[in-house]
Amino acid sequence: MTRVLSCIQPTGEVHLGNLLGALRGWVAGQHTCDAFHGIVDLHALTVTETPGVIGNDTLTLSAMLFAVGLDPDIATVFVQSHVVEHSQLAWVMECTVSYGELSRMTQFKDKSTTREGSFISAGLFTYPALQAADILLYDADHVPVGDDQRQHIEITRDIAIRFNHRFGPTFVIPEAVTPAAGARVMDLQDPTSKMSKSSTSDAGCIYLTDSPALVMKKFKRAVTDSETEVRYDPLAKPGVSNLLDILGAATGRPPAGLADEFTQYGPLKTAAGEAVVELLEPIQLRYAELLDDRGELARLLRIGAGKARTVASATLGRAYGAIGMLPA
Ligand code: TRP
């Protein structure tokens, strides 16, 4: 079975765009591939200075991943820092990648420019080495990523090829794949931008923890256009088409066909809001249960960490062995 690794940083809340665009695909994928899902808290450390934040974000994100339907007995859901091999292999990766290669990473160039004047950790620079360790530890065949991460998969391949060449065949060479196409959910206030937690106002972003009343309010205030016709036309009518897309994704129906069922914007907003409330209800119930039972949540994460460590420690052992490190 193809081994697939996806990782997500515990930074902030999960929103409807994450659910419909990615997480639902993860849930379906756990039955068709050997799925590993890492909550990469060590990566979030590159930009965190406040105590207590990462741990709490890790806790809520893991509860959400189980609540949306990842099954700890099928998929391997783990927290990166619970599997010490990530840090250990990351150093080996740092010694296999060059300063020049890391300097060419566009994400580093962008992030260090935006943070100019503030603290830029060395971790922000060596981050791709840690990411390479994440991937190579699991012998991942496929890594589904968006375009912004392609360069990181490319450098991981370069590192793996270099290591295998120097020390003998050790790592599986991973491939970047395009994630199974989910719905592209746009901001309700600015339907030409993707829904995102970093957008300026929360009014356009539906968080998975939003109450039914808040979800309905955000949909009622969704930006449409000055016409009145309900028609699926993402270019000319981005707001209305986004509502149709969301309604379609939440109810499993094609968005273009739904347009015929509405003659006014108001009822479409209500229908989309109600469909999302209904979609979120069981997720929110399970999420609340898990957050109320930290022991159970910890147990689920221990299952994942155990499975992940079995694979990761074997790979690290292989890498140390290939280099010829003196066994402890
Ligand atoms: N760098 C990725 C991001 O910012 C997160 C990530 C860390 C990742 N390790 C990974 C993604 C391994 C895929 C595979 O989104």
Side-chain angles (χ1 to χ4, degrees), residues 2-15 17-18 21-23 25-26 29 33-48 54 57-58 61-62 65 70 75-94 97 101-102 104-112 114-115 121 123-160 171-180 182 194 196-198 304-305 308 311-312 315-316:
T2 310
R3 171 81 51 84
V4 180
L5 173 83
S6 314
C7 294
I8 183 168
Q9 292 199 42
T11 44
E13 276 194 78
V14 186
H15 56 70
N18 301 133
L23 298 181
W26 292 16
C33 62
D34 183 12
F36 278 67
H37 296 290
I39 301 174
V40 287
D41 53 349
L42 296 173
H43 276 89
L45 206 53
T46 55
V47 291
T48 300
I54 291 190
D57 284 348
T58 303
L61 177 59
S62 57
L65 293 184
L70 284 180
T76 302
V77 180
F78 64 95
V79 175
Q80 187 184 31
S81 67
H82 294 177
V83 182
V84 291
E85 286 80 1
H86 287 258
S87 306
Q88 295 176 294
L89 189 66
W91 177 251
V92 178
M93 300 288 103
E94 284 183 46
V97 70
E101 284 169 310
L102 291 178
R104 286 193 288 277
M105 290 288 113
T106 45
Q107 190 176 74
F108 174 71
K109 289 193 255 178
D110 292 348
K111 286 200 179 172
S112 52
T114 17
R115 292 172 72 81
S121 67
L124 203 58
F125 184 68
T126 59
Y127 176 119
L130 179 60
Q131 183 160 347
D134 299 341
I135 297 169
L136 300 182
L137 275 177
Y138 297 100
D139 294 331
D141 303 299
H142 289 170
V143 186
V145 285
D147 286 340
D148 64 318
Q149 290 296 319
R150 293 222 160 223
Q151 203 184 20
H152 287 156
I153 311 305
E154 231 8 84
I155 202 173
T156 300
R157 290 169 57 90
D158 293 344
I159 293 173
F171 296 121
V172 171
I173 312 297
E175 236 179 275
V177 297
T178 310
K194 260 174 84 169
S196 123
K197 55 194 166 208
S198 55
V311 179
T315 313
L316 181 73

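Order of appearance sets the numbers: ligands from 1, and atoms from 1 within every ligand. Note that the structure is predicted; figures quoted are calculated from it, not measured.
Looking only at protein heavy atoms, the nearest one to atom 11 (C) of ligand 1 is Q131 NE2, 3.6 Å. The protein non-hydrogen atom at the shortest distance from atom 1 (N) of ligand 1 is Y127 OH, 2.7 Å. Considering only non-hydrogen protein atoms, atom 9 (N) of ligand 1 sits nearest to D134 OD2, 2.6 Å. For atom 3 (C) of ligand 1, the closest non-hydrogen atom on the protein side is Q149 NE2, 3.2 Å.
Close contacts of ligand 1 with Q9, meaning ligand atoms under 4.0 Å from a residue heavy atom, involve 3 (C), 4 (O). Within ligand 1, the atoms closer than 4.0 Å to a non-hydrogen atom of V143 are 13 (C), 14 (C), numbered from 1 in the order shown.
Of all heavy-atom pairs spanning V77 and L65, the tightest one is CG1-CD1, 4.3 Å. Between T11 and K197, the shortest heavy-atom distance links the atoms O-NZ, 2.6 Å. Annotation for P174 and L136: closest pair CD-CD2, 3.9 Å, computed over non-hydrogen atoms.
Taking each of A133, C7, A44, S6 in turn, the one with a heavy atom nearest to atom 8 (C) of ligand 1 proves to be C7.
When heavy-atom distances to ligand 1 are checked against a 4.0 Å cut-off, I135 comes that close only through its side chain, counted from C-beta outward.
For Y138 and H86, the ring centers sit closer than 6.0 Å to each other.
No donor-acceptor pair under 3.5 Å is formed between the side chain of Q88 and the backbone N or O of L316. Here the side chain of D41 pairs a donor or acceptor atom with the backbone of S81 at under 3.5 angstrom.
Residue H152 places no N or O, backbone or side chain, under 3.5 Å from any N or O of ligand 1.
To the nearest 0.5 Å, atoms CD1 (I54) and CG (L61) are separated by 12.0 Å.
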